[in-house]
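Letters A, B, ... are given to chains in the order of the sequence lines, protein chains preceding strands, and every chain is numbered from 1.
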Protein chains: 2
Amino acid sequence: MSLQSRRPQTVKVRDVAREAGVAVGTVSRVLNDHPTVTRELRERVERAMADLGYEVDVTAQSMRAGRSRLVACAIRDFDIPRFALFIKEAEAVLREAGYTLLLASTTNRPDVEISLLRAFRRRRVDGVMMTLSDEEHRDVRQALSEAPMPVLLIDRDCVGALDRVTADHRQGARLATGHLLGLGHRRIAMLVGDTKAFPSRSRLEGFREAHAAAGIAPDSRLVRDNVLSSEDAYRATASLMGGTNTPTALFVAAMDMLGGCLRALRTMGLAVGDRLSVVAGSDSDLAELHTPPITSIEWDLAAMGRHAAIMLLERMRGDEIERGRGLTVPTELIIRGSSRPPAN
Amino acid sequence: MSLQSRRPQTVKVRDVAREAGVAVGTVSRVLNDHPTVTRELRERVERAMADLGYEVDVTAQSMRAGRSRLVACAIRDFDIPRFALFIKEAEAVLREAGYTLLLASTTNRPDVEISLLRAFRRRRVDGVMMTLSDEEHRDVRQALSEAPMPVLLIDRDCVGALDRVTADHRQGARLATGHLLGLGHRRIAMLVGDTKAFPSRSRLEGFREAHAAAGIAPDSRLVRDNVLSSEDAYRATASLMGGTNTPTALFVAAMDMLGGCLRALRTMGLAVGDRLSVVAGSDSDLAELHTPPITSIEWDLAAMGRHAAIMLLERMRGDEIERGRGLTVPTELIIRGSSRPPAN
DNA sequence: CGGAGTCAATGAACCGGTTCATCATAACGC
DNA sequence: GCGTTATGATGAACCGGTTCATTGACTCCG
């Protein structure tokens, strides 16, 4: 039969129907495991499909059904190592359920987010999971409210009725900051990302809460926001440590920015440890295996991906669930050698 | 279950045509920038589309055209930080050209690879870029040869006529091994991945070639293959360093396995440097910022992603190009403090 | 024996665009 | 004035499945 498969002409339901001597509707019913089909006919149709090497055309199915069995995932930047865990888990759950994952990068721009939502709609995508550059952006919110398919936000908060999975960044930052304050640090610098989005906003809140709880006023000049790339982290660290009135501790709260920070410290000849404590906002091999190992905040991104997929699947099934569900994954502080009492 | 909630009424070409007072064919011609349409009508149709908030249905377009403007990317595991660079670049190029990226993970299993190829075909995917767990696998090769769309192999070699982008891992391994041999090492251990696939196979070749060029016979007991996870790297390192006749240098050639290796060394109380040189098969923040910094092999994964997308686009356009083109990205050795002459 | 009821199979209509043979109109040449 | 072209618009057929009203066969029961 391998010679038959050479045919460029594709086999269609009609052909299977003719081969099996049944109607096209019957072939369709076999394909969809419809209960009202006798065993005998089912076997005949299945044999015909096997003989002809038939394969359904998902496009045609989507056409009629109005759903594509596609789920889109749009995140700021794939190039965040730990995010791969999220995608990996989400994809596994979705594929198990018969869905295929579409991937796109928003590059953290509202206009791209909007145009991607439009593109997903054009493709009749059944569900979307995405990050937002700015939860308050008017046009983005408009586009989200007009989306005909369920949208789940990844690590974002939104007053709208969208489902979301988040990590408890506020708690993470509170733990990290409290840990440093408890060691005796009074001048704690913080590197944080885009505060228009939930994670950095929450971290900032946690940072302030921990200070408030300790009755200490944070020095706002030590807080650098909008740290979005390794180069940003490098520059922010250099500027913080290069001036007068330098901090005794550095909380690199933005995700995956530890490298840029450590690179700057090394260039400046500053060692982590005795004179400067460092805490990372997310864990990594780098944090764990650095000398000294870097105290880090950790949370389960794989679980976030899994739950995001599950929640979206429920929503796509059209289950009657309350709107705007939120799942929050806890954060944890792993204390390592990079955080010590301040010198003298 | 109201009909409206089941299928929210959307604006179709018919509606636009009625609104603009033209035929559906004319709307279609406007949509596709067909030259034979007067400016006046074009404007009327465009106004009608804007007024009604019309959006084409890509599924319906695919249905008729027989192509989906989807490109699938299937790799072993997303959870390889540097691979994100490949995907990021490829996605950017493809989106620019009007394609959307489908993502799937093969988990390095031939049966999954085959079933994914089938799924892609069912979706009428226009092109595929993927890795293979085993280039010689009969059924996979069969499935590849039957694929109706162009397939491009990522970092794989194949005697078939498929396009491919590869990195010159042989050269990288030769450089790394030569470097260690040049420093005076005679007992070099190597951690390598699945030798059924191109990268590890090439690295092994490079390792042997460098030995041959130096007139030295490698000790095959020091070569550990099938190192595919961080845990594998941990175990392999522990076993290599725990026995008698330990190596003086460790070439961690498998991608992204440095963490597991370093973790094992630390657990065993072994320092990198004086008594043991280490070279990593791929660069990372960890390698760069470790103490001492780890000598590493580097190559441009972003360029691989970019070229993979471009080559696939050319192939999908149906250009008359010779089959089985291959693009190889060079590898480079970044010498750092972790590789030194062996002690005494 | 006839009427009601059950159940599987049928096939035409449909999903929403694109294509192309056909047609209407205007321009042009002689 | 009439035939010929050129140009642009038309709309029915088509892509490949799914759906559902209808049909046909068969069973059950009074």
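The separation between B/R29 atom CZ and C/dA21 atom C1' is 14 Å, rounded to whole Å.
No donor-acceptor pair under 3.5 Å is formed between the side chain of A/D15 and the backbone N or O of A/V11. Of the possible donor and acceptor atoms, none in the side chain of A/T26 sits under 3.5 Å from a partner among the backbone N and O of A/V22. A donor-acceptor pair is defined here as one N or O able to donate and one able to accept, closer than 3.5 Å; such a pair exists between the side chain of A/D126 and the backbone of A/R69.
Overall, the helix from C/dC1-D/dG30 to C/dC30-D/dG1 carries an axis bend of 50° between its ends, with five pairs at each end and the value rounded to 10°.
Considering only residues two or more places apart in sequence or on other chains, A/T100 meets the side chain to side chain donor-acceptor pair (under 3.5 Å) condition with B/R123. In terms of the side chain to side chain donor-acceptor pair (under 3.5 Å) criterion, B/S105 has no residue partners (sequence neighbours excluded). Qualifying side-chain contact (heavy atoms from CB on, under 4.5 Å) partners for A/D300, counting only residues two or more places apart in sequence or in other chains: A/A302, A/A303, A/V329. Applying the side-chain contact (heavy atoms from CB on, under 4.5 Å) criterion to A/A60, with sequence neighbours excluded, gives A/D57, B/M63. For the side chain to side chain donor-acceptor pair (under 3.5 Å) test, residues two or more places apart in sequence or in another chain that qualify with B/E55 are A/R121. Contacts of A/D139 classified as side chain to side chain donor-acceptor pair (under 3.5 Å), with partners at least two apart in sequence or in another chain: none.
Within residues 16-27 of chain B, the residues that place at least one heavy atom under 4.0 Å from DNA chain D are, in residue-number order, B/V22, B/A23, B/G25, B/T26. In the region residues 38-54 of chain B, proximity to DNA chain C at under 4.0 angstrom, judged on heavy atoms, holds for B/Y54.
A heavy-atom distance below 4.5 Å is not found between the side chains of B/R164 and B/L327. A 4.5 Å side-chain heavy-atom check between B/T131 and B/F83 finds at least one atom pair inside the cut-off. Between A/P199 and A/R156 the shortest side-chain heavy-atom distance falls below 4.5 Å. In this structure, B/S133 and B/E113 have side chains that are in contact, with non-hydrogen atoms separated by less than 4.5 Å.
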Contact list (N/O, under 3.5 angstrom) for nucleotides 22-26 of chain C vs protein:
none

Could you pull out every donor-acceptor pair under 3.5 Å between side chains of residues 72-80 of chain B and any protein atom, sequence neighbours left out?
unit_1	atom_1	unit_2	atom_2	d
B/D77	OD1	A/K88	NZ	3.4
B/D77	OD1	B/D79	N	2.9
B/D77	OD2	A/K88	NZ	3.4

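Side-chain atoms of B/T328 and B/T166 include a donor-acceptor pair closer than 3.5 Å.
Each of B/R64 and B/P35 lies near DNA chain D, and the nucleotide nearest B/P35 is the one positioned closer to the 5' end.
Using a 4.0 Å heavy-atom criterion, one finds that A/T36 contacts the sugar-phosphate atoms exclusively. B/V58 comes within 4.0 angstrom of no nucleic acid atom, judged by non-hydrogen atoms across all strands.
In the 5' to 3' direction, nucleotides of DNA chain D lying under 4.0 Å from heavy atoms of chain A begin and end at D/dG16 to D/dT19.
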